[in-house]
Amino acid sequence: DQQVKQNSPSLSVQEGRISILNCDYTNSMFDYFLWYKKYPAEGPTFLISISSIKDKNEDGRFTVFLNKSAKHLSLHIVPSQPGDSAVYFCAPHNGGATNKLIFGTGTLLAVQP
Amino acid sequence: DVKVTQSSRYLVKRTGEKVFLECVQDMDHENMFWYRQDPGLGLRLIYFSYDVKMKEKGDIPEGYSVSREKKERFSLILESASTNQTSMYLCASSFPGTQETQYFGPGTRLLVL
């Protein structure tokens, strides 16, 4: 049973516009959420995170929004750049000291010049 | 800078062979993880280790085993490789704690013929 869903397998956006990547989860016990970015033939790299006590976290061009009642989070990239083209994974933390993450299926973002 | 290295970037093996994938991290992290990434399925946790000689099964441990004899090294073993184990294998490490980031290696693309 998929606890974390990214329903858009791919997204295409023009350079300079906003990219919005969505993530839905089912477990209300998740309390910390991370986004990772992955280029082909490389490992994922951490991008931005948000704690469940917040509803927004911003870092430069990247903002993550959390709607706990809807069990939904989204990643906004403004303005989008061609170098942002990658696969983005949403990864809630499963709780506990072992720091297990539950990864979504990923969204492939293509930013067109 | 955290560095996680994996012994091979690409591997081709035959069905039935025993396969060793090695991962080394240089940040003295307690936690280490093995994932596989498949199209449409995201990253799925195979095994993780929270200390030397300690291991726990992840979501898809069948057909795999692991070894952690030293803190910096975590090995994934495919006892008898099968074609359905063709995948991208990713190693990660982190400190324990709910808000600690996992750092990933570059991945090993394994093809089992």
Side-chain angles (χ1 to χ4, degrees), chain A residues 1-10 21-27 29-54 57 59 64 66 86-108, chain B residues 1-6 8-10 21 23-25 27 29-51 54-61 68 74 88-110:
Chain A
D1 190 24
Q2 194 77 31
Q3 294 190 67
V4 183
K5 291 183 182 177
Q6 294 177 252
N7 289 320
S8 298
S10 63
L21 295 90
N22 294 303
C23 177
D24 296 293
Y25 61 95
T26 57
N27 190 338
M29 298 302 291
F30 291 153
D31 61 359
Y32 191 66
F33 303 84
L34 298 90
W35 283 92
Y36 278 81
K37 173 180 177 178
K38 185 181 185 299
Y39 293 117
E42 293 184 16
T45 55
F46 169 72
L47 185 60
I48 191 169
S49 61
I50 188 166
S51 166
S52 59
I53 61 173
K54 294 185 175 181
N57 188 27
D59 183 2
V64 57
L66 174 63
V87 177
Y88 290 80
F89 292 100
C90 161
H93 187 275
N94 201 27
T98 53
N99 194 19
K100 285 172 64 177
L101 298 175
I102 309 293
F103 282 84
T105 50
T107 296
L108 174 61
Chain B
D1 237 12
V2 176
K3 196 157 187 185
V4 181
T5 56
Q6 295 184 228
S8 304
R9 295 300 301 270
Y10 301 95
L21 302 181
C23 175
V24 178
Q25 51 94 4
M27 279 302 291
H29 285 161
E30 284 82 359
N31 295 347
M32 295 189 76
F33 307 83
W34 274 106
Y35 296 87
R36 61 179 283 178
Q37 182 195 0
D38 300 289
L41 296 176
L43 274 69
R44 294 180 294 165
L45 181 64
I46 305 170
Y47 266 97
F48 69 99
S49 169
Y50 50 89
D51 202 350
M54 306 302 286
K55 60 186 178 186
E56 279 196 29
K57 294 179 180 179
D59 301 316
I60 50 163
R68 192 160 180 208
F74 192 33
M88 167 71 90
Y89 289 88
L90 293 157
C91 174
S93 70
S94 77
F95 289 117
T98 57
Q99 300 195 1
E100 292 294 333
T101 304
Q102 288 186 21
Y103 296 89
F104 283 82
T108 296
R109 186 161 291 283
L110 173 67

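Just the heavy atoms: all of them, side chains too, but no hydrogens, waters or symmetry mates, feed the values below. Computed from a predicted model, the values in this text were never measured in an experiment.
Both the backbone and the side chain of Leu43(B) come within contact range of chain A, with heavy atoms under 4.5 Å apart. With a 4.5 Å cut-off on non-hydrogen atoms, Tyr36(A) touches chain B through its side chain but not through its backbone. Only the side chain of Arg9(B) comes within contact range of chain A, with at least one heavy atom under 4.5 Å from a heavy atom of that chain. With a 4.5 angstrom heavy-atom cutoff, Pro9(A) does not touch chain B via any of its atoms. At a 4.5 Å heavy-atom cutoff, Glu30(B) makes no contact with chain A through either its backbone or its side chain. Within the 4.5 angstrom heavy-atom criterion, only side-chain atoms of Ser51(A), from C-beta onward, approach chain B. Heavy atoms closer than 4.5 Å to chain B are found nowhere in Ala91(A), neither backbone nor side chain.
Under the 3.5 Å distance criterion, the side-chain polar atoms of Ser8(B) are left unmatched by any main-chain donor or acceptor of Tyr10(B). Checking side-chain atoms of Gln6(A) against main-chain N and O of Leu21(A) turns up no donor-acceptor pair under 3.5 Å.
Between the CD1 atom in Ile48(A) and the CZ atom in Phe33(A) there is a gap of 14.0 Å [rounded to 0.5 Å]. Distance CE/Met54(B) to CE/Met32(B): 16.0 Å, rounded to 0.5 Å.
Relative ring orientation between Tyr103(B) and His29(B) is described as parallel, the plane-to-plane angle staying below 30° on a 0-90° scale split at 30° and 60°. Using cut-offs of 30° and 60° on the angle between ring planes, the pair Phe103(A) and Phe89(A) is perpendicular.
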